[in-house]
Amino acid sequence: MDTNIIQAAIPKFIEGFKVTIWLSLIGIIGALIVGLICSLLQYFKVPIVSKIISAYIELSRNTPLLIQLFFLYYAFPVIGLKLSATFCGFIGLTFLGGSYMSEAFSGGFNGVSNTQIDAGKAIGMSRRQLARYVVFPQGLSLSMPALSANIIFLIKETSIFSVIAIPELTNTALDLIGIYYRSNEYLLMLVIAYAIILIPLSIVLTILERRVRYGSFGN
Amino acid sequence: MDHLGTSVLFAGNNFSRLLGGLWTTIWIALLALLIGLILGTFLGMMRTFKNRPVRLILRLYLEFFRIVPTVVLLFLAYYILPRQLNINLPAEQVAVLTFALWVAAEFSDIVRGALISVPKHQRESGLAIGLTHWQLFRYVLLPQALTLELPATINLATRVVKTTSLLMLISVMDVINIGQQIIEANGQSHPNGIFWVYGLIFFFYFIVDYPLSLLAKKLNAANQH
Amino acid sequence: MAKEILRVEKLNKFYAKQQILYDVDFSIAQGEVLALLGPSGSGKSTLIRCLNGLEEFSTGDLFFDGQKMVPTEKNWQQIRQKIGMVFQSYDLFSNLTVLENIVLGPIKVQKKSRSQAVQIATRLLKRVGLADYLQTYPRQLSGGQKQRIAIVRALALHPEVMLFDEVTASLDPEMVRGVLEIIKELSEKDNMTMIIVTHEMNFAEQIADRVLFLEDGHILENTPSKQFFVNSQTERAREFLESMKF
């Protein structure tokens, strides 16, 4: 273990760190938006669209991100659609994460108990009002654990971006290993970098889950 | 010359090579699962013990695998085993080992969760009729936990299958690596081939994982009734 | 004879292939209190839930204020404002405060102004002795408090009929009385029309004008309450009453 090597590599890791954070952030936001829209369309059982969404969810959840990225980055140019690596990463993470987030939201919405829905119907609320005032607020707090698990999962998935040469953390480390042939230092830094992102985040998410649960939940 | 590019898939022995690659992918996933589930069962049981240091170590083991992305785990094993520990394993075995340890970590949490959700009086009535702790696990708790944990276990299996897509990164001749070779060899004659080869691999993964997720969903729904 | 509010004609209900209710016929007049009694699984809850459309019925007719009910979702939303319902599991909306639970219907469904709705809520809460709990969340309340608020939530829409589905079945024994007293007062002071599913025989005897006795989806008796508890017409009803005693 050579501390000089570690020190010298810090600036490069900071660059990779920024890329990982930035792509995770926009990818997760994209995934949350796609997921929320899909779960709402499925909740209201919009004809045909629901079927298309189900197909999307199954395709996205049951195939690896790596192949999804290869498709976007290497195969799409053949049919005339050339996208930058970063943009492919964003699209890939949104495509993958959208289905996971949609399932998390739907799980929450479907988890709202039938008796709560009956109580809403009994005071004359329409399906839309019921959704807005009862099912969504309660469903969102129910879906929090799954949402935060997905957030962690998606951040880890950005490591796969290294296969299309996006200079995020893993790619940075692998590049450095390739150039200087020192694996211990760079791998250690890589693990620590992920720990710096994920440990505080999972603590924050756990606290948030508890807040949501005790803030507006429980009969 | 065809314009579709699909002929790449069937030219020469390409299709059977791809199937061979798929088989490599599948056996690595199966072996890793088998080892990981067995190890994970023991770790999960140990996590319900009263011994604090054991629980802490196992918890740290789990958190390590939760925090470090699988790609990084794979490279850790790939570089550290030969260079630090002087263990030179073929890439396939490195992959099996890494995935198995990862599966064991995840599964230990599933097992623990299922075990502690078995009602307390079940454990007490077991002890009351004079079962030893091991007999209690073997005949009462594990069978009950099994039905609870089955959907999560199948979901874990689908994740393992998807994660095998990373095998190409450590030069295992898996379905993706073979696909890339075919694409490169036919790039001149079939520029569209890339689309079909990746399309086929995409489809391969889907037909392996989709039935599994469907099964997990069904079991989950059944458990909730 | 008081005006008829609700009439049920030849109501049948199937669940998959199984028949739950058989040719149910009855009516209820303004101010009348009807107790729906019978062993568990007799179809009481299903029947009461058919009356405000929480369960669909298979064949038969419902009449409200002499008008035949066409069971569409839109019509039910209208009718439900006139039929308040209280459930066994209280089911206050767990994401809303007590006040928001009560004003939700008046504001969103009946389009009343917020100040008007808050006024109604405060008055009703005072009446059930819970005026201090406006900003409390349901999880901070006892079962008895929740159930009293659930009654207020239904009353806030000014219903013509109230349906009570086993409203004391989940309560601790010491909470039961407070809830039952409110129901009794509703009948005595407000002359509220009510249909009550309950296992509290003493309460039913005190409050009900008439008893519908249900078994296996059939109405076996439709008898004035005084007569039912003293001298039921059917052997089954007598056995049932006997089984409820210690």
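By convention in this document, chain letters (A, B, ...) are assigned in the order of the sequence lines, proteins followed by strands, and residues within each chain are numbered from 1.
Neither the backbone nor the side chain of A/Leu65 comes within contact range of chain B, judged by heavy atoms closer than 4.5 Å. Residue B/Leu73: no heavy atom, backbone or side chain, is found under 4.5 Å from chain A. The parts of A/Ser183 that come within reach of chain B are both its backbone and its side chain, each placing non-hydrogen atoms under 4.5 angstrom from that chain. Residue A/Ile197: no heavy atom, backbone or side chain, is found under 4.5 Å from chain B. Heavy-atom distances place both the backbone and the side chain of A/Tyr181 under 4.5 Å from chain B. Looking at B/Gln180, the atoms closer than 4.5 Å to chain A (heavy atoms on both sides) all sit in the side chain, from C-beta outward.
Note that the CZ atom of A/Arg61 and the CZ atom of B/Arg159 stand 10.5 Å from one another [nearest 0.5 Å]. For the atom pair B/Ile194 CD1 and A/Phe71 CZ, the distance stands at 9.5 Å (nearest 0.5 Å). The distance from the CD1 atom of B/Ile201 to the CG atom of A/Leu66 is 9.5 Å, given to the nearest 0.5 Å. Here the straight-line distance linking atom CG of A/Asn62 with atom OH of B/Tyr210 works out to 8.0 Å at 0.5 Å rounding. Distance check, rounded to the nearest 0.5 Å: CD1 of B/Ile176 to CZ of A/Phe70 gives 6.5 Å. Here the straight-line distance linking atom CD1 of B/Ile67 with atom CG of A/Leu201 works out to 10.5 Å at 0.5 Å rounding.
Looking at heavy atoms from C-beta onward, A/Tyr74 lies out of side-chain contact with B/Phe195 at the 4.5 angstrom threshold. In this structure, A/Asn184 and B/Tyr79 have side chains that are not in contact, with every pair of non-hydrogen atoms separated by 4.5 Å or more. Contact check for A/Val191 versus B/Phe64: side-chain heavy atoms found under the 4.5 Å cut-off.
Of all the listed residues (B/Phe75, B/Tyr198, B/Phe204), the one sharing the greatest number of non-hydrogen pairs under 4.5 Å with chain A is B/Tyr198. When A/Ile79, A/Ile199, A/Leu174, A/Leu190 are compared by the number of non-hydrogen pairs under 4.5 Å with chain B, A/Leu174 comes out ahead. Chain B forms the most heavy-atom pairs under 4.5 Å with one residue out of A/Thr63, A/Leu198, A/Ile67, A/Leu187, and that residue is A/Thr63.
Heavy-atom neighbours of A/Asn114 CG from other residues, nucleotides or ligands within 6.0 Å: at or below the threshold of 12. For B/Phe49, the CZ atom counts as densely surrounded, since its 6.0 Å shell holds more than 12 non-hydrogen atoms of other residues, nucleotides or ligands. Heavy-atom neighbours of B/Leu85 CG from other residues, nucleotides or ligands within 6.0 Å: above the threshold of 12. Applying the 6.0 Å contact sphere to CZ of B/Phe203 captures no more than 12 heavy atoms from other residues, nucleotides or ligands. Few gaps surround CH2 on B/Trp27; more than 12 heavy atoms of other groups in view lie less than 6.0 Å from it.
The contact list for residues 146-162 of chain A toward chain B, using heavy atoms and a distance under 4.5 Å, reads A/Lys156, A/Ser159, A/Ile160 by residue number.
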